Amino acid sequence: MRTTLFRAGFALGLLQMAQAIRVNSCTVVVMNAIQNPSFETGDLTDWTNNIAEAGFAGGYVVSGDASDGSEYFTIPIDSGNWMYLEQSVSGLEAGTQYTVSVDFQYIYNANIQASDSPGICFIGFSTGSWSNFITYETVYPTFQDGSLIEWTNYALPLMASASTVDLFVMFGCQYGDQAVLNLDNVQLPLLETVCPSASSSASSSSASSSASSSASSSALSFASSSASSLSSTPSPAKVNPCKPQAPSSQNPVTTAPP
């Protein structure tokens, strides 16, 4: 008798499980809001490279020992002015904090030695306009001694003011004609939810409905067959199943780094 009651209860449980089937194949993925972030197009597609308050700064893309991929941006720092790479970034949510980053190398020219007391350089980010700095940092370029020059990652938080923001990667040195800057792998990660198309969802829903209907029919048939083998035994009691830096104050207003 206990075996028969168990089989009937198990069949009803199968029915409940079949009715609870749901298909949810949406996935959260990380996307980069930056276009052509590692210059793998081989040029400055999606980027603008200018000197502050002036025209084209003269940077270009080369192949070599890149931080990401095989291409990177390089520019001789031939003036004492701020320069930048700029791109309009979309897909943001106003009031949300993101992280923006870039890999860089500052390298003194081969003819520059420590005994020359060369100037220092800078790297930072701005939004809206080149002079609206989030912050920037002082960098001491690497002297060329024949050894491998590592890439350095520079990252900081960015609070989005709108869904689309003009982002500036800022750079410059105290003096011109002393250093070269290399940039690569600009990142501004976004979280996006990717779901199947409506047609595939409908197909999945139909398959799920068919499976549920089949399971329900089998479960009911099994339950009915099992229950019919019981005589006048009282029905068992119903069982209740057991029902989540503070930005730097530095804000240069001149076209030249400090």
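Model, not experiment: these values are computed from the prediction. Numbers for residues simply follow the sequence, beginning at 1.
The backbone N or O of Ala52 sits nowhere less than 3.5 Å from a side-chain atom of Asn50 that would complete a donor-acceptor pair. The backbone N or O of Thr45 lies less than 3.5 Å from a partner atom in the side chain of Asp43, making a donor-acceptor pair. Asp78 places no side-chain N or O within 3.5 Å of a backbone atom of Asp177 that could act as its donor or acceptor partner. Of the possible donor and acceptor atoms, one in the side chain of Asp184 sits under 3.5 Å from a partner among the backbone N and O of Asp68. Listed for the Glu40 side chain is a donor-acceptor partner under 3.5 Å among the backbone atoms of Glu71. Looking only at distances, no side-chain donor or acceptor of Asn132 sits under 3.5 Å from a matching main-chain atom of Ser129. Checking side-chain atoms of Tyr106 against main-chain N and O of Phe122 turns up a donor-acceptor pair under 3.5 Å. Here the side chain of Trp151 pairs a donor or acceptor atom with the backbone of Asp65 at under 3.5 angstrom.
Two residues are said to be in side-chain contact when any heavy atoms from C-beta on lie closer than 4.5 Å; Trp130 and Glu53 meet this criterion. Ser79 has its side chain out of reach of Tyr175: every pair of non-hydrogen atoms, C-beta onward, lies at least 4.5 Å apart. Counting heavy atoms from C-beta on, the side chains of Ile34 and Asn36 never come closer than 4.5 Å. In this structure the side chain of Ile75 never reaches within 4.5 angstrom of the side chain of Tyr60, judged on heavy atoms. By the 4.5 Å heavy-atom criterion applied to side chains, Phe104 and Leu181 are counted as neighbours. Considering only heavy atoms from C-beta on, Ile123 comes within 4.5 Å of Val102 through its side chain. With a 4.5 Å cut-off on side-chain heavy atoms, Phe171 and Val139 do not count as touching. Thr142 is not listed as a side-chain neighbour of Gln144, based on a closest heavy-atom distance of 4.5 Å or more.
A side-chain donor-acceptor contact under 3.5 Å links Asn182 and Thr74. A side-chain N or O of Asn185 and one of Asp103 form a donor-acceptor pair less than 3.5 Å apart.
Two rings, from Phe125 and Tyr136, have their centers 6.0 Å or more apart. For Trp47 and Phe39, the distance between ring centers is under 6.0 angstrom.
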Enumerate donor-acceptor pairs with a distance under 3.5 Å from any side-chain N or O in residues 156-170 to protein atoms, sequence neighbours excluded.
none

Ignoring hydrogens and angles, write down the donor-acceptor pairs under 3.5 Å from the side chains of residues 89-97, residues two or more places apart or on other chains.
{"residue": "Thr96", "atom": "OG1", "partner": "Glu93", "partner atom": "O", "Å": "3.3"}

